[in-house]
Amino acid sequence: MISRREFIGTLAVAMPALRIAQANEWGSPVFDLHHHLRQNAAANLAHLDGAGITKANLLTRGPVQEQVKAIAALAPGRFTWFSTFDITKPDAETQLTQAVKDGAQGFGELKFHVAADGPELRRMYALAADLRVPVLVHFQEVDHFENEGTWSTGYAKTFESMLKAYPKTTFIGHADAFWANVSADYHNEAAYPSGPIARGGITDKLLADYPNLFGDCSANSGNNMLSRDPSFTPDFLKRHQDKLLMGSDCGCADGHGAGISQAGNPAAARLAGKCVARETLTVLKKSASPEIFHKIVWANAHTLLKIPT
Ligand SMILES: [Zn+2]
Ligand SMILES: [Zn+2]
């Protein structure tokens, strides 16, 4: 028989680990796959704590080992990280290989003015397979502001051929073109199409047909896709419950919408003054069973990144 005093003692010892993984205000712990590294270590943590996020994946660019270390020291066990270097430069492969040796768990986000099936990204797809890490790609065909230029272009026409050509690469799709193409009637006419989704869109098919493709629900693009047609969303989440990942791509300061949540993107005004993480968690929770919600906001990221929950 365990005494009451001993029992309480056992609980106290177990508490710190428990606090990380326990259900929070969302009814499940939350992993944010798409958190852009902020300069000040504490600012990263402020967004997680404000939005009720348990752990986040830092998307970084360039040599950031010291910053990542400082954040890990501030909040042990709450951050993983992905790395990017300029993939149009010849040393990108060396730099990324070193980043993975130093602990980066993926490439991303890859957001460059190149073709989705061009030589620069093909090199990254191949290297990601060799290093056994996922690659997070930003697909966008419509400018958010004048002369922005497009990113990883040709998604609708050519990306399936990449999924076939690189079957050992784990792809995570993200951004405007990826999510707008959930609807079969999309032809690059707007960054964020609204209204009912025409069933049978390219992204829906690719997620169903290719085990090496996952979807990152972050940003206005992901939130818009989840919000635009409530008759579509629950079945979509059910169909791809093992392939979808919660991400915020939120730039707000406090996890409650302070500051700017979607910088440099007037087309995303629907999220102005709001925390994208909170908005996306809300629509996911409303549209999925508790079991599916838990997979999308927590379990899937751990499986994909091969990290313990
Ligand atoms: Zn992006
Ligand atoms: Zn936020």
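In what follows, residues are counted from 1 in the order of the sequence shown. Quantities reported herein were computed from a predicted structural model and do not represent experimental measurements. First listed ligand is number 1; within each ligand, the first listed atom is number 1.
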* Asked: Under 6.0 Å between the ring centres of Phe82 and Phe107?
  -> no
* To do: State whether His34 contributes an N/O/S atom found under 2.8 Å from the Zn ion (ligand 1).
  => no
* Any pair with a residue in residues 284-294 that passes side-chain hydrogen bond (donor to acceptor under 3.5 Å, both in side chains), sequence neighbours left out, goes on the list, sorted by first then second residue, please. => Ser28-His294
* **Residue pair Asn223 / Glu279, side-chain donor-acceptor N/O under 3.5 Å** => no
* Between Ile296, Ile307, Leu304, which is the residue that forms a side-chain contact (heavy atoms from CB on, under 4.5 Å) with Phe31? -> Ile307
* Give a yes or no on whether Glu109 keeps an N, O or S atom under 2.8 Å from the Zn ion (ligand 1). => yes
* In a check of side-chain hydrogen bond (donor to acceptor under 3.5 Å, both in side chains) between Lys295 and each of Thr303, Asn300, Asp242, which one passes? -> Asp242
* Protein N/O/S atoms closer than 2.8 Å to the Zn ion (ligand 2) -> His47 NE2, Cys250 SG, Cys252 SG, Cys275 SG
* Any ring-ring contact (aromatic ring centres under 6.0 Å, His included) pairs touching residues 201-244, not counting sequence neighbours? -> Phe232-Phe236, Phe236-His240
* **Atom nearest to the Zn ion (ligand 1) - His138, N, O or S atoms considered** => ND1
* Structure fact -> The ring-ring contact (aromatic ring centres under 6.0 Å, His included) partners of His144 (sequence neighbours excluded) come to Tyr192
